Every structure is written in structure tokens, then in C-alpha cells.
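First comes the structure, then the notes that go with it.
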Protein chains: 2
Amino acid sequence: MNRDRGGPGLHGVPGGATQTPSRPEQLLFLTDEQLRQGIELLFFAYRDFTSDPDAVLAERGYGRAHHRAIHFIKRRPGITVAGLLDILGVTKQSLNRVLRQLIEDDLVVQTTGQADRRQRHLNLTPKGEELERSLSAPQRERLRRAFSEAGPDAVAGFRKVLERMIDEGGRDAVLSLVGREGR
Amino acid sequence: MNRDRGGPGLHGVPGGATQTPSRPEQLLFLTDEQLRQGIELLFFAYRDFTSDPDAVLAERGYGRAHHRAIHFIKRRPGITVAGLLDILGVTKQSLNRVLRQLIEDDLVVQTTGQADRRQRHLNLTPKGEELERSLSAPQRERLRRAFSEAGPDAVAGFRKVLERMIDEGGRDAVLSLVGREGR
DNA sequence: AACAATCAGTCAATAAGGCTGACGTAAACT
DNA sequence: AGTTTACGTCAGCCTTATTGACTGATTGTT
């Protein structure tokens, strides 16, 4: 099983609108050591974070690729194949293999687009919804716990930093995809 | 001995010393939607975050496995092979191939342990140090920027949440590895 | 001294999940 | 009519990870 992820993907247009900084860009003293700690904290937190659904996935013989596809189909019901490709940042061939399995296993359905009949709109079946929940449940639980323990101010800071870690080019596109109600 | 996939790694003793919560465990109202946003934010931020060194790595024909090894050898100079195995959570066989290359390319040196001569202590050569810097530089720069823009309170919250996302079992061990000076 | 356990390194086989290139088909745009 | 777009698929390759089995050196234990 492959544990790598990531990749370029989602490179949008640079048109960057800065998000009204709450304080006047106060320059921080940040030592390399502090930054290295941040890097490692991210590494470990993310590693444990992704280990949750991996267990569920393994039982079914799926991998992370399936998880990502299911996640974003859940999030954007009716998304087209090309749209999913953009978000995931993988090749058509890679996605296709995964998609084929999910459709075969009755977790995802395709419907031909009405406006543009070349497109295939993707949706989860009830069975797919169920798997999605069982994948995200442990992650949500982990976050819920961490957020609760850390408190609302910490959560706000957490989001703020993560948002600013995203490539400036695609940031607005990503953030509008993710949704910003929590802010 | 082989370890299983997605391994939690770094399992320490549960002896959990709670980190003096700054407020009395105030229960937060967290909707599934908010939590899903957190999940996605993590996904995108981490994806972009890891894309930085990937570019450098690709030029040299290395992968993420090399990066992780180099990172932790830099962080824990003189670490043994078994120690590195524990941190990375991969199998000996996987690490060995990577290590062999790094040694061959004169980025890492092995020295036989003095106390226990079965052990091999790993260190970066000057050349290895150089690669490590060029790998971590863009990540540090990204974090520096994000931290500066978000402000010190947000950074504190960021760390706080990440720490609490780490598996409780190994948390103390991980945090003492990472270091906590920044708090 | 003999034996067992540990640390490191290796070989062979297998698998997941990425990649590129090439091609085909249907539908839409010009 | 011709070009472009959206999707699907075949074939082949690579990297990283897996398990199992084994060797060699060293250390610890009886």
C-alpha cells in the first residue's frame, strides 16, 4: 500500500485577493528551529490523521485514492470527471481505474450530463454515502476532540494558518470550494 | 521484524500528562460541516506544503522516502537505523534501499556504534546537509510567511490543535522529539 | 562456552498507485 | 466540415511499499 499523496494540482490563476489581515502584518521573529518544529508537527499530526481511514479502507481492499475520490464526490455531488481530476491533481488514467472499481462496487453512479452530454456527473449511492461516513467519522472525531481541547481561539488560529499555507495562486478557488462559514 | 502498514509508530507509554488547558475544557459546538472543512483545509494545505520539496527531490531522482530519512537524520544526528525505522513507521526493507542510495551518493554516513557495535549511527555529510537545507527551505519559507500573516496567536492555536491531533499514545514521545520550546 | 536475542543488511516476489503515450468515441463549438 | 472537449481505455513503466526468508556480527544470558 502506498502512503504517499499530494502532487501539484489545482493551479489556478494568480489573481490574489488578500484576506484583510486582522493585524497590520506584524513581522514575527521566527527561528529556523521553530519552523522546523512546525514542519514536524505537521508531519506527525497528518500521519496519525490519515491513519484513521486507512484502517477502514484496508478492510475493503481500497486505498487512499478511493478515499479521496469518495470524499470529493460527497463534497461536490454531481461533479464531473474533469472536475474531480482538477481537484485531485492526478491523471485521467489513474482516476479512471479507481472510479471503475467504485462504480462496479455500487458506491458511485454516473449520470450523463443534461446540458453537456459528454460529461458524466458523479454521485454517491446510499452504499457510497455509508462508506464515506465510516471513513470520515474517525477523522471528524479526532478533529472534534482536538478542537474541543484546544478551544475556539486555537481553532480559529489553526484555520488561519492552514489557509495561508495554501498556494496563493489557487487559494481563493480552494477556499471557496472548502467553504468559509466557520470564519 | 516487519511492521504493518499505516503503522502508528512511536508508541510510548500512555502516561498522559495533560497540558494545562488554558480554559476549562469548554465544550464546543462543532457541526459536521465545520469538521469537514477542517479535513479539507488540512488536505489542501498539506498537499501544497509537500509539493515544495517534491520539486527539488524530482531533480535528483529522489522521492519522499529520501526526504523523510534526510529530515530525521538531520534532526537526530547519530540516530540508529532502528530508531529511524520507528520514527518513519516503514519496514526495514523499504528504508534500506533509500539509505543505500543516500550513502552511495555521499549524503549520509554510517558509523559503527561504540557502545554497541551492531548499531550503525547515521549522520549527514556536508553534501547531505546542503540537500536538507534546499529541501526544507521552501517549506520553512511557506510556514514563515503563513505564520507571519496569521499572527502569533494564530500560530499558538495552530500548534495547539496539531499537538492534540497526534495519537494520544505516542503524543508525549512525539512532542518531546519535536521539542516544545516554542510554547 | 553455548545459546538466544538483537541490529543490520539483503534477496526475491508481489502489489498499489502513480505516470506517459497513444487511440477511440461521442458531443459540442466554430 | 473541421476542431476541440470530455471521457474511457490499452499498454507499459516506475517508485514505494509490502511480506517472508535468510545471513552475519555482536551482545546478553544461562
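If you're wondering where the values come from, they're calculated on a predicted model, not measured in any experiment. Reminder, nothing fancy here: chain letters follow the sequence lines and each chain counts from 1.
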TODO: Map A:Arg118 and A:Leu95 onto DNA chain C by nearest heavy atom, then report which one ends up closer to the 5' terminus.
DONE: A:Leu95
- [ ] In whole angstrom, give the distance that lies between atom CG of A:Asn96 and atom C1' of D:dG8.
- [x] 5 Å
Task: Sugar-phosphate only, base, or nothing, as touched by A:His66 at under 4.0 Å among non-hydrogen atoms - done: sugar-phosphate
TODO: Using a cut-off of strictly less than 4.0 Å, decide whether A:Arg68 has a side-chain nitrogen or oxygen near OP1 or OP2 of C:dG18.
DONE: yes
Task: Closest nucleotide among C:dT20, D:dT18, C:dA27 to the B:Val90 side chain - done: D:dT18
Task: Separation of atom CD in A:Gln110 from atom C1' in D:dC7, rounded to whole Å - done: 9 Å
Task: side-chain N/O A:Thr91 vs C:dG18 OP1/OP2, d < 4.0 Å - done: no
Open item on the list: Does D:dA6 have OP1 or OP2 under 4.0 Å away from a side-chain N or O of A:Thr80?
Closed with: no
TODO: In whole angstrom, give the distance that lies between atom CG of B:Leu85 and atom P of D:dT16.
DONE: 16 Å
- [ ] Provide, to the nearest angstrom, the distance between the CG atom belonging to B:Leu99 and the C1' atom belonging to C:dT10.
- [x] 13 Å
TODO: Work out which heavy atom in B:Gln34 is nearest to a heavy atom in A:Arg159; give both atom names and the distance.
DONE: O-NH1, 4.2 Å
Task: Which nucleotide in C:dG17, D:dC10, D:dG8 has an atom nearest any side-chain atom of A:Arg100 - done: D:dC10
Open item on the list: Quick check on C:dG17: is either OP1 or OP2 less than 4.0 Å from any side-chain nitrogen or oxygen of A:Ser94?
Closed with: no
- [ ] Please state how far atom NZ in A:Lys92 lies from atom P in C:dT25, giving the value in whole angstrom units.
- [x] 14 Å
Task: Given DNA chain C, 5'-ward residue of the pair A:Ala115 and B:Val81, judged by closest heavy atom - done: B:Val81
Open item on the list: Measure CD/B:Gln119 against C1'/D:dG24 and give the value in whole Å, please.
Closed with: 16 Å
Open item on the list: Hydrophobic clustering (ILVMFWY, side-chain heavy atoms < 4.5 Å, transitive) - are B:Leu177 and B:Leu85 grouped together?
Closed with: yes
Task: Distance-minimising heavy-atom pair for A:Arg142 and A:Ser51 - done: NH2-OG, 4.3 Å
Task: Residue A:Gln93, side-chain atoms from C-beta onward, closest of D:dC10, C:dG18, C:dA5 - done: D:dC10
Open item on the list: Using whole Å, what does the distance between atom C1' of nucleotide C:dA16 and atom CZ of A:Arg97 come to?
Closed with: 7 Å
Task: Derivation and outcome, side-chain hydrogen bond (donor to acceptor under 3.5 Å, both in side chains), residues A:Gln114 and A:His121 - done: CA-CA 10 Å; A:Gln114 290 173 319; A:His121 295 286; over 6 Å; no
TODO: Specify the closest pair of heavy atoms between B:Met165 and A:Ala146, including all atoms of both residues, with the distance to one decimal.
DONE: CG-CB, 3.8 Å
Task: Length of the CG-P vector between A:Leu88 and C:dC19, whole Å - done: 10 Å
- [ ] Would you kindly compare B:Arg120 and B:Val98 by the position of their nearest DNA chain D nucleotide and give the one closer to the 5′ end?
- [x] B:Val98
